[in-house]
Amino acid sequence: MLAFTIRRLFEALVVMLTVALLAFVLFRYVGDPVSQMVGQDTSLEDRTRLRLELGLDDPVYIQFARFVGNAVRFDFGISYQVKQPVTRLIAERMPATIELALAAALFAVALGIPMGVYTGIHRDSWLSKLFLTVSLIGISLPTFLIGILLIYIFAVWLNVLPSFGRGDTIPIGFWRTGLLTASGLKALVLPAITLGLFQMTLVTRLVRSEMLEVLRTDYIKFARARGLPERAINFGHALRNTLVPVITVIGLQLGSIIAFAIITETVFQWPGMGLMFIQAVQHADIPVMAAYLLLVAFLFVLINFIVDLIYVRIDPRIRILRRGA
Amino acid sequence: MSDIANKVRGASPSQPPPSHRGQGTGWSSHIATILDSDLFYSFWRSKLVVAAAILTALLVGAALLAPLIAPHDPYDLKSLDLVNADMPPAWNSRGDRRFLLGTDDQGRDILSTILYGTRSSLLIGIASVLLAVAIGVTLGLWAGYAGGRADSFIMRIADVQLTFPAILTALLIDGVALAIFKSYRMEGGKFWILVISIGLAYWVQYARTVRSVTLVERNKEYVEAARLIGLSPLKIMFQHILPNVLSPVLVIATINLALAIITEATLSFLGVGLPPTEPSLGTMIQVGNKYLFSGSWWMVAFPGLMLALLALAVNLLGDWLRDALNPKLR
Amino acid sequence: MKPRSAAIVGALALALSTAPAAAKTFRYAFQGDLNALDPYTLNETFTLGAIGNVMEGLTKRDKDLKIIPGLAERWEVIDPLTWRFHLRKGVKFHNGEDFTADDVLFSLARMRSPGSEIKSRAPADMKAVRIDDHTVDFILTSPNPILHAEWDTWYILSRKWAEANGATQAQAPSAVSLSPFALKANGTGPFEVVSHQPGVKTVFRPNPSWWGKVEHNLTEVIFQTIKSDSTRVAALLAGNIDMMDPVPVQDIDRVKSSPGTRALTGPELRTIFLNMDSFRGELLYSNIKGKNPFKDPRVRKAVYQAIDIDAIHTKIMRGMSANSALLISPLLFARASEFKRWPFDPAAAQKLLIEAGYPSGFEVEMDCPNDRYVNDEAICQAVVQMLARIGIKVKLNSMPKAKYFEKAGVAKKYDSSFNLLGWTPGSFDSWNVIENIIGCRNADGAGGLFNYGGYCNPKIKDLNKMILVETDAAKRNALIAEAFRINHDEAGVIPLHQQALVWGVSNKVDIVQRADNQILFYWVKMQ
């Protein structure tokens, strides 16, 4: 196990370095940071000087070495646009994204599991078909359109929820949370639904198909034969058996929730990392893009690592296979 | 999600391993197995699925025949007239009989543009799914079959890939292509950029699924046997293991087709979609989205409806396929 | 720190100017970010406008953009080479320091420091001489009738504060150190910054000891960025904000018809125009080899006359644009009315193409930003369809602005055959337009940095040299008209229109919309 962990840690490092390298090789194709930084009246000489100062004219490998050298000291440089250390920017923006991602995951689970269980048990009922069809809308319309529609209905038309932003936040140490104020919680509702809808569909369908399979196992048949009440069988036995894969999938999906958050945050002007990233792309703000990608790479690697550890624990077959390889 | 669904499936493969009668029979026997199965029975049993199939056929047919049945050619710039822009559907009092579903901000007929747009959206969707399948299946097979270093290596590539959101991949590929070809001149340049970006964004899912199935399959007797008679690993992978991973791949592919079309819409929302002069369904929704508050609802409603219908139909088919191919559910 | 008398006067002023009871918070949103608050780092309208609520220049501009006294009470031109500025007495910075001539001299030096983006505010060889604590002379080497034209956005900083905060040098846009202005600011203006979170939220409160006559009744101002157009409109309609800029033209009717909101519209100073590459010997991205059709004025005029500007005005801009025959807003050039657009006439355009030897047209690519100007991509699409009718087949490349300005601009040596650009002269003066947009340039941009088509007529360059030093207004305007006339006759760069300013405003708010699009909340009154 220790060897496995060490090997994975090493691989994680390689993955992150590769991401950083790829990012750097490709960044010069995103656009010209200088023309985004300066005003229209900046002279040609000043523009050239800026390029020199930024080191943009250096060969890519030198830029990359410089970046890695600083990154190991957790110094990601200063954002071209905002003129603040990227590390601080990310620390400032990360709570917003994490709170949104968790709320979205919670929404997906809280709605997805009951719907999945129901449609799994009552496979052919009309309500099941309705649930499944409606849940498909979550993956049939683009996120940005769903977001705008929700804003239109709940903010403009019914005027019950705010249309954008994060509401009031309260600092707890370095973490600014929106979960402790009424306006913060209200502001969280629409973005969380928008972001969670896709995951909810996924969870519903996953739980459904797992339920369908588990309900046919001998184990459940045996429980039935023992005369256990239907409720106890469905929730006590069947659902519990589906939970491990569901939890694993949600873990894996946390990564893609963060990726999807880019769109949701743009639509709702949610001050998180996704919004910061998309603004960085639009302004070719290389330090921010690089740090964001590295952070996301780290998150993915971490989640995959944990999931693999769980796999090894719950499924000895995989351990054997790995050893055999 | 497919990872787990197929981990489970992988433990007891949906189809019995094809009997080993010699080279080249893996495929045909597998197809025969599918045809013999209850697939068609279960197909006709569900009215919803039949409806979805008919709908899919209608939508795809209409899209393919767009040049023949569309009242206008929205890609022909000469025929456009800005004067016709922003007209409501024909049944509205301000509408015009020539434009049944109204016009967009450039004076294009919405109905015709939907037909043409669906065609390019479908093409992008199918091409990018094929690309993702090709990359994902190859790497997944290789990783699962070879194991060890190759496995770790490929799975770490997958990690790297997952880090880059489709939007960034699209921007970067766009930039690289521009730098290499110096121009978008080559017909359909943007089209391929989108296909590659979306394809790259989604191959990981296939690779992981195929890998997990392959991990199980490769220890089975028929693979051992093939190895013993000296077949090359490539032959074993593509002729003998591949047929067994096809059903999960097919299931993911149908669902991802809808996802790919939506991703194209999202990329368009972020400003890196198809050229605005040749709108796809995604581009139309993105443009119409801007007119949502102004009362010109038809610009987003009709293409949105079309996309939702298409996605719904394809997903329903995918669902049915998943259930039908899973022997435990019959 | 703060002297007691000032505090009392401030308290008194506050008591007189605002009703004691209601807290009035003005919340506004803009599509772009407010980044660092260093007033010399970014020469951009919105940033300068926001900072203009907090800091002040020697001059200010009033509601009609007329130059009025700011931190200088008055000034006189002693001789053509000497301007004397008499500074306002008793003015204090937000941190309580007195404003004196030292601060002006310091600000001039800082404005010229290497990182500054606003060096063009004053000639490089101008000298400043401190006469006494409240008098400064500016000595020129050549006469300059528009010396103080941009001084309303050359904000005066406190020398002591800057020295204490390590802000004596203007921070370059590329600076690799933290800006002292990243989170705070100090000025003499009617408002002070309470907190600043770039890209998210900035909070202001009134400066109780401001020297001027308070015209607002606010107790707090909150600025937030809302990038997405639809969300910004929704936020206003839902009452989550009191004012926003800009309203997408298609949503103006909605904002107008909604019971709680209205749209404030006015002419903007930015002109949108089309550039054709008349620089290269062979046109890039075209089927014409060995020559460049756009070098022929007849071809350029054909393009001009093929454009149905009225259709763009009504259908794409929804009436929110002013068709223009000039590259500068008529508000900024007295003789603008003498110019008329070449009429929209596809037949004439076709004839011109035939005369030029392109009876069946030609192919070319057009580059267009899709997130920079009002409906930029839609305008380009319209131009493409209009040109299709006279046989010029245009392939449209629309892209985000970061890529657009790289490809079409100097960074890639103007790698573009046909493109759309917008320009507002920072000095509100034609010289700036002629220099940047139609001044002859070389392949590296020297001469006319934003001349994206490379159009060149040496006569224009000569005229502009004279325009720079001519002090007689009538003679100067004649020279400007001559330069613009040449561009008009040769269709060197094709003007389209001036965009309109459209602000969405809650009916609870009374606000002044100035033509330069600065959002100044010291004129805001709320119910």
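Each chain gets a letter, A, B and so on, in the order the sequences are listed, and its residues count up from 1. On a predicted model such as this, the values are computed, not experimentally measured, just so you know.
For chain C, the option among B/P276, B/S79, B/S294 with the highest count of heavy-atom pairs below 4.5 Å is B/P276. Looking only at heavy-atom pairs under 4.5 Å with chain B, the residue among C/V255, C/N375, C/V233 that has the most is C/V233. In terms of heavy-atom pairs under 4.5 Å with chain C, the best-connected choice from B/L82, B/D76, B/L80 is B/L82. Comparing C/D310, C/N370, C/I390, C/D251 by heavy-atom pairs within less than 4.5 Å of chain B, the highest count is held by C/D251. Annotation: maximal heavy-atom pairing with chain B below 4.5 Å, among C/T314, C/V394, C/I316, occurs at C/I316. Interface remark: of the candidates C/L396, C/L387, C/I252, C/L396 forms the most heavy-atom pairs closer than 4.5 Å to chain B. When each of C/P248, C/G391, C/A234 is scored by its heavy-atom pairs under 4.5 Å with chain B, the top score falls to C/A234.
With a 4.5 Å cut-off on non-hydrogen atoms, B/L292 does not touch chain C at all. Both the backbone and the side chain of B/D81 come within contact range of chain C, with heavy atoms under 4.5 Å apart. Looking at C/D253, neither its backbone nor its side chain comes within 4.5 Å of chain B, counting heavy atoms on both sides.
Counting only N and O atoms by type, the side chains of C/D367 and C/S416 include a donor and acceptor under 3.5 Å apart.
Looking at C/K412 and C/E406, a side-chain N of the basic residue comes within less than 4.0 Å of a carboxylate O on the acidic one, giving a salt bridge. A salt bridge links B/D86 and C/R318; the closest N-O separation between the charged side-chain nitrogens and carboxylate oxygens is under 4.0 Å.
Between the side chain of C/S258 and the backbone N or O of C/R254, no donor-acceptor pair lies under 3.5 Å.
The minimum heavy-atom distance linking C/Q499 with C/V374 is given by the pair OE1-N, 3.2 Å.
A distance of 10.5 Å separates CD of C/Q498 from CE of C/M317, quoted to the nearest 0.5 Å. C/K351 contributes atom NZ, which lies 9.0 Å from atom CG of C/D345 (distance to the nearest 0.5 angstrom).
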